[in-house]
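Here the structure is laid out as structure tokens; the discussion comes afterwards.
Heavy atoms only: backbone and side chains are in, while hydrogens, waters and symmetry mates are out.
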Amino acid sequence: MSSKYYGEFGGQYVAESLMNTLDDLDRAFEEAIADPKFWEEFDYYMKEYVGRETPLYFAEKLSKKYGTKIYLKREDLNHTGAHKINNVIGQILLAKRMGKTKVIAETGAGQHGVATATGAALFGMDCKVYMGKEDIERQALNVLRMEMLGAKVVPVETGSRTLKDATNEAIRTWAKEAEDTFYVIGSAVGPYPYPKIVKQFQSIISKEAKKQILEKEGRLPDTVMACVGGGSNSIGMFAEFIEEKDVELIGVEAAGLGIETGKHASAMALGKPGTLHGMKSYLLQDDDGNVLLAHSISAGLDYPGVGPEHSYLRDSGRAKYVSVTDDEAMQALLELCKEEGIIPAIESAHALAYAFKKAETMTEDQILILCLSGRGDKDCHTIAAYLEGKSTEDLNK
Amino acid sequence: MNRIEKKLADLKEKKEKAFITYMTAGLPDMEGTKKIIRAQEEAGTDILELGIPFSDPVADGPVIQQASYESILKGTNIHKIFTMMEEVRKDCEIPIIFMMYYNTILHYGVETFVEKCMETGVDGLIVPDLPKEEQGELAAALEKDGAPILIQLVAPVSKQRVPYILEGARGFVYCVSSMGVTGQDGGFHKNVVNYLKEVKEQSQIPVMMGFGIKEAKDVEAVRDIIDGAIVGSHFIKIMKESNYNLKTITDYIKKFKSELG
């Protein structure tokens, strides 16, 4: 019972009809991670298919400019362009092991949808991706990619018609079809054991980073940083450092147009504990307890909740959560392009923007590692519109 | 005595099945909701589920989702619903169950929510995203005398969980007839007869069936096993399509109730 919680957060707030399904999943997952053969297979696909390990790149020019050692964990170099694929390969291998033949997924901007469609194609599984009607219109390229990969993209027309509602619809379908269908959740959210599963597969990020920094610097970093939407790249980046008490952990949420405007995605800054998508965690809600829509220029951070372990890390003081506005993130994005020749995803640029502020308080000998969770190709139209001078409020729409 | 338990005892004595309906609070508006509740009592609905609209109703199908969404847009919230309950209870004794999602209760504050239910005459709660394992905090608050009953749900796949779910259960057991969400057209679960029999055998309290029921004939095959039927999505459709015409609503209830027997 207590193991399903992170402090007061987590749990299984789902319909009775899913309780046995979660129990089966939990058992299958625990068996899998205790089986060396499972890891052999996972490692094989991480190396040969995803292209790991990813470099821990020393950003020399930025380091000089900001006066501290800045390292970038290059998750943007993964196959499909972001960290999402790590978790998808893990979950689909688990699904296969459980004898499932179909997978479903939710997606916002489409990155997790593309990763799931990719994994489904690789392992010959049927794939349905639930995506809000609004997002389908804004992310036509990713819709096309998913369809090319053989997935069926199901438009969700209820509620706000974005990620939150796509997740609701995926949960509804799962409750109906769990017998032969595996639900591949893309972030460190959802009912237990999903937050644990996602962390397990994403922790490859910090396992590599820890080994790499010890090789390069002979010591642990002072600060580790990542952006937080639902919190999958950040929990993966934090995982191996949580027990290293001298390493400062910082999660960067999206402040959208500014926290004070109410148009943001900072569940940690202004949310209160609530239940959504099967978990108890910090959640943006209105005065009646209805879930509020999140706002961010970055579709991947546009989520009103956050993974339960992050809520726990926040309340226990182990990690610090800050937020960065649309404008700050876009400036940091452009700066990385010019200084280092890397076009980051807008999500990752949020972490970058805070890293620049943080670096100014650090010394030349200190080390900061930042998870560059994805590449910015998918964002080029948003970036172009931003450069043309459209307000970030319009880009939020 | 709790109104649900009293009603169920009466029905048992009269050897009648229970007819239970679901309606979304705040539709067509709060005044209309009051009128429909009173009309339902007169027409013979035994127990009434009142849906408290929530932004993310994951256990509901398209009809109830849409109703919930429309009601929120009309400004319905839990405070207005409590006020409406107070007014209804001046002259109406039909047992009323709030069907709602846990976040609404958490946000209100579990203790104060239960107190408010007691003040305004709410008899029961159905919380579809709160499985037995997560009920601790709410169950503790519901231990007070006169507090509403937390109705337990079981699903066709609950199997070995049934005894655990039924332990200490009061009122009735809500048997979900199919997998997934409310108001599907796919028909009942393939093992519905055996499933209902198994639950009935293990239950000390009445067993009701819900999800996907439209007419009394839908439950004919299981009529002798169950103690009553619950109609939600279809009832909402009838109300909406008739523009909340009280006569249409009343006729439907009378027909279902008399055919159910």
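- A donor-acceptor pair is defined here as one N or O able to donate and one able to accept, closer than 3.5 Å; no such pair exists between the side chain of A/Thr275 and the backbone of B/Tyr102.
- Contacts of A/Glu179 with chain B are made by side-chain atoms alone, with heavy-atom separations under 4.5 Å and no backbone atom involved.
- Residue contact with chain A, scored on non-hydrogen atoms closer than 4.5 Å, involves the backbone and the side chain of B/Val157 alike.
- Within the 3.5 Å criterion, the main-chain N or O of B/Ser55 finds a donor-acceptor partner in the side chain of A/Asn290.
- Of the two parts of B/Ile165, only the side chain, counted from C-beta on, holds a non-hydrogen atom closer than 4.5 Å to a non-hydrogen atom of chain A.
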From CA spacing to verdict: side chain to side chain contact (heavy atoms under 4.5 Å, CB included), A/Tyr13, B/Leu130: CA-CA 5 Å; A/Tyr13 295 84; B/Leu130 199 68; 3.7 Å; yes
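- With a threshold of 4.5 angstrom between heavy atoms, A/Gln285 approaches chain B through side-chain atoms but not through N, CA, C or O.
- A donor-acceptor distance shorter than 3.5 angstrom exists from the side chain of B/His107 to the backbone of A/Asp286, with no hydrogens or angles considered.
- No part of B/Pro62 comes within reach of chain A, as not one of its non-hydrogen atoms sits under 4.5 angstrom from that chain.
- Checked by atom type and distance alone, the side chain of A/Arg172 pairs as donor or acceptor with a backbone atom of B/Asp60 at under 3.5 Å.
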Verdict with supporting geometry, A/Glu16 and B/Lys132, salt bridge (charged side-chain N to carboxylate O under 4.0 Å, His left out): CA-CA 8 Å; A/Glu16 165 59 25; B/Lys132 184 86 171 188; over 6 Å; no
Audit row: A/Asn168, B/Gln65, side chain to side chain contact (heavy atoms under 4.5 Å, CB included) steps and yes/no: CA-CA 11 Å; A/Asn168 291 338; B/Gln65 283 176 49; over 6 Å; no
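- For A/Asp23, no part lies under 4.5 angstrom from a heavy atom of chain B.
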Candidate pair B/Leu106 and A/Lys280, rule side chain to side chain contact (heavy atoms under 4.5 Å, CB included), full reasoning: CA-CA 10 Å; B/Leu106 263 186; A/Lys280 188 192 277 186; 4.0 Å; yes
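- No part of A/Leu18 comes within reach of chain B, as not one of its non-hydrogen atoms sits under 4.5 angstrom from that chain.
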